[in-house]
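Note on naming: letters A, B, ... go to the chains in the order of the sequence lines (proteins, then strands), and numbering restarts at 1 for each one. Only heavy atoms go into these numbers, but all of them, side chains included; no hydrogens, no water, no symmetry mates.
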Protein chains: 2
Amino acid sequence: MILETASRLFQRQGYNGTGINQIIEESGTPKGSLYYHFPNGKEEIAIEAIKLVKEKILEHTKHDMLAADDVIDAFQQHINNIADFYDTEDCTEWLKIGLLASETASTHETLRLTCETAFKEGQMLYADTLIKHGYETPLAQELAITINSLLEGATTISLTRKSGDTLRVIAKQIPTLLRGKNSGGNRE
Amino acid sequence: MILETASRLFQRQGYNGTGINQIIEESGTPKGSLYYHFPNGKEEIAIEAIKLVKEKILEHTKHDMLAADDVIDAFQQHINNIADFYDTEDCTEWLKIGLLASETASTHETLRLTCETAFKEGQMLYADTLIKHGYETPLAQELAITINSLLEGATTISLTRKSGDTLRVIAKQIPTLLRGKNSGGNRE
DNA sequence: GTCTATACACTGATAGAC
DNA sequence: GTCTATCAGTGTATAGAC
């Protein structure tokens with residue numbers, strides 16, 4: 001329950017914007033108990049919270065990647081699912097670690113590394129899906145990085161605009177992006 | 001000097017991670033002076049800092065958009081320029097408002113709106129460039145949103161990985177993305 | 001293992017001398 | 001207009017009773 005609450009708050013308010021006291025209040029956990037389970041305090045909680053969010057993201061992604069036979073349809077539906085998510089005003093969780101990553105990149109090395117791993121695992125999942133559908137490995141890896149960047153950026157803009165429309169626009173570009181399966185088709 | 005220092009710190013550490021006292025120390029401004037010029041305190045400083053960063057971004061972008069005749073070359077060089085920027089360990093400024101935007105999206109409505117405007121102006125500059133090079137207006141707008149998302153996400157991942165390589169990978173996908181000039185070429 | 005009271009640094013902001 | 005001393009509040013973390 002501590003990690004559930006912490007990961008929700010960290011995603012919305014960031015690392016510096018979320019206090020231990022707030023985590024305690026909202027989760028109902030007493031302070032002594034929290035520091036017993038997480039002796040290293042806030043940073044340790046953040047590390048575990050990031051891992052938890054990562055697992056949730058991977059789970060959603062795996063499901064979406066298998067939901068359609070055509071890989072283009074799968075990615076488009078994946079992005080549109082996330083878009084609907086960002087429409088709801090009262091959504092408590094963004095399934096996104098970009099805020100934590102940006103905040104801690106130059107200040108908390110351990111957290112930075114945890115975020116780096118999370119990004120990498122997400123990319124690998126995209127790349128494997130593309131390879132499974134016949135894309136050449138090097139191109140699949142580049143496209144996976146591109147789609148990951150696209151999603152990270154579009155979610156940031158979607159939450160700033162309080163609308164999933166930005167995500168829907170990028171979903172429309174997926175067919176263009178995934179056009180050629182071998183790297184020769186990359187240039188016109 | 002206050003705004004220069006504030007915008008640098010806000011970009012790197014975020015809104016909640018940057019204290020008024022730190023801005024004062026690093027800029028050499030006494031506290032009384034700061035609150036005389038910015039009576040509304042931290043939030044007012046952040047608003048002006050975001051506007052300053054936005055102007056810098058627009059300036060760099062305008063320059064890059066005019067630096068090559070071919071629009072694909074222009075965008076690729078633009079992204080590669082930013083990539084080099086993210087390689088240097090001691091770069092103090094990220095020319096990026098995504099962190100501020102994410103942090104304040106659900107807590108500081110005024111800052112959220114300032115960031116929303118900044119994103120919008122960046123997108124308009126990309127769209128105008130594409131229209132000028134013959135892209136149909138609706139497609140140009142969609143591609144502008146896509147490139148903006150791509151850059152926002154890739155910069156986040158680049159600073160997490162402490163390397164501009166992610167940006168270089170997305171630069172390689174620009175030709176594929178900008179392939180067709182009319183919306184009919186959007187689907188295979 | 002669980003909890004409360006508390007330490008102590010730091011936050012944003014202000015009052016009032018100059 | 002410029003500066004400093006200080007405020008009340010909050011931050012993380014800990015000590016020690018139970």
Side-chain angles (χ1 to χ4, degrees), chain A residues 1-52 99-115, chain B residues 1-53 97 99-115:
Chain A
M1 195 61 206
I2 293 180
L3 280 183
E4 281 287 339
T5 308
S7 82
R8 204 184 67 235
L9 293 172
F10 280 140
Q11 282 175 82
R12 282 195 79 96
Q13 311 172 344
Y15 185 76
N16 296 310
T18 304
I20 292 282
N21 295 319
Q22 194 185 7
I23 296 173
I24 284 164
E25 278 170 34
E26 297 205 13
S27 68
T29 314
K31 194 171 272 196
S33 193
L34 182 145
Y35 277 98
Y36 175 79
H37 291 292
F38 301 94
N40 286 20
K42 191 176 179 178
E43 184 160 307
E44 187 179 354
I45 294 175
I47 291 171
E48 296 308 319
I50 291 168
K51 289 181 185 166
L52 178 63
L99 171 51
L100 272 291
S102 302
E103 260 185 310
T104 59
S106 49
T107 48
H108 294 77
E109 185 62 8
T110 323
L111 289 174
R112 200 207 104 229
L113 287 167
T114 311
C115 292
Chain B
M1 196 64 205
I2 293 180
L3 281 182
E4 282 286 338
T5 308
S7 81
R8 204 184 66 233
L9 293 172
F10 280 140
Q11 282 175 81
R12 283 195 80 96
Q13 310 173 344
Y15 185 75
N16 296 311
T18 304
I20 291 282
N21 296 319
Q22 193 184 7
I23 296 173
I24 285 164
E25 277 170 36
E26 297 205 14
S27 68
T29 315
K31 194 171 272 196
S33 192
L34 181 145
Y35 276 99
Y36 175 79
H37 292 291
F38 301 93
N40 286 22
K42 190 175 178 178
E43 185 160 305
E44 187 179 354
I45 294 175
I47 290 171
E48 297 308 318
I50 292 166
K51 289 181 185 167
L52 178 64
V53 178
I97 58 157
L99 170 51
L100 271 291
S102 302
E103 261 185 310
T104 59
S106 48
T107 49
H108 294 79
E109 185 63 6
T110 323
L111 289 174
R112 200 208 103 231
L113 287 167
T114 310
C115 292

Among all residues two or more places apart in sequence or in another chain, which pass the side-chain hydrogen bond (donor to acceptor under 3.5 Å, both in side chains) test with A/T104? none

For residues 17-49 of chain B, the ring pair (Phe, Tyr, Trp, His ring centres under 6.0 Å) pairs (sequence neighbours left out) are none

For residues 34-51 of chain B, which residue pairs pass the salt bridge (charged side-chain N to carboxylate O under 4.0 Å, His left out) check, not counting sequence neighbours? B/E48-B/K51

Between A/I45 and A/I20, is there a side-chain heavy-atom distance shorter than 4.5 Å? yes

Taking only residues two or more places apart in sequence or in another chain, which ones pass side-chain hydrogen bond (donor to acceptor under 3.5 Å, both in side chains) with A/S106? none

Numerically ordered, the residues 6-30 of chain A set in heavy-atom contact under 4.0 Å with DNA chain C is A/P30

Among all residues two or more places apart in sequence or in another chain, which pass the ring pair (Phe, Tyr, Trp, His ring centres under 6.0 Å) test with B/Y15? B/F10, B/H108

May I have all residue pairs that pass side-chain hydrogen bond (donor to acceptor under 3.5 Å, both in side chains) and include part of residues 3-12 of chain B, sequence neighbours excluded? B/E4-B/K56, B/R8-B/E26, B/Q11-B/E93

Suppose we screen for salt bridge (charged side-chain N to carboxylate O under 4.0 Å, His left out). Which residues come up paired with A/K31, at least two apart in sequence or across chains? none

Taking heavy atoms of chain A and a 4.0 Å limit, find me the 5'-most and 3'-most nucleotide of DNA chain D within that range. D/dG11 to D/dT14

Would you say A/P30 and A/I24 make side-chain contact, with heavy atoms under 4.5 Å? no

Could you work out, with side-chain hydrogen bond (donor to acceptor under 3.5 Å, both in side chains) as the rule, every residue matching B/T29, not counting sequence neighbours? B/S27

Between residues 40-51 of chain B and DNA chain C, which residues have a heavy-atom gap below 4.0 Å? B/G41, B/K42

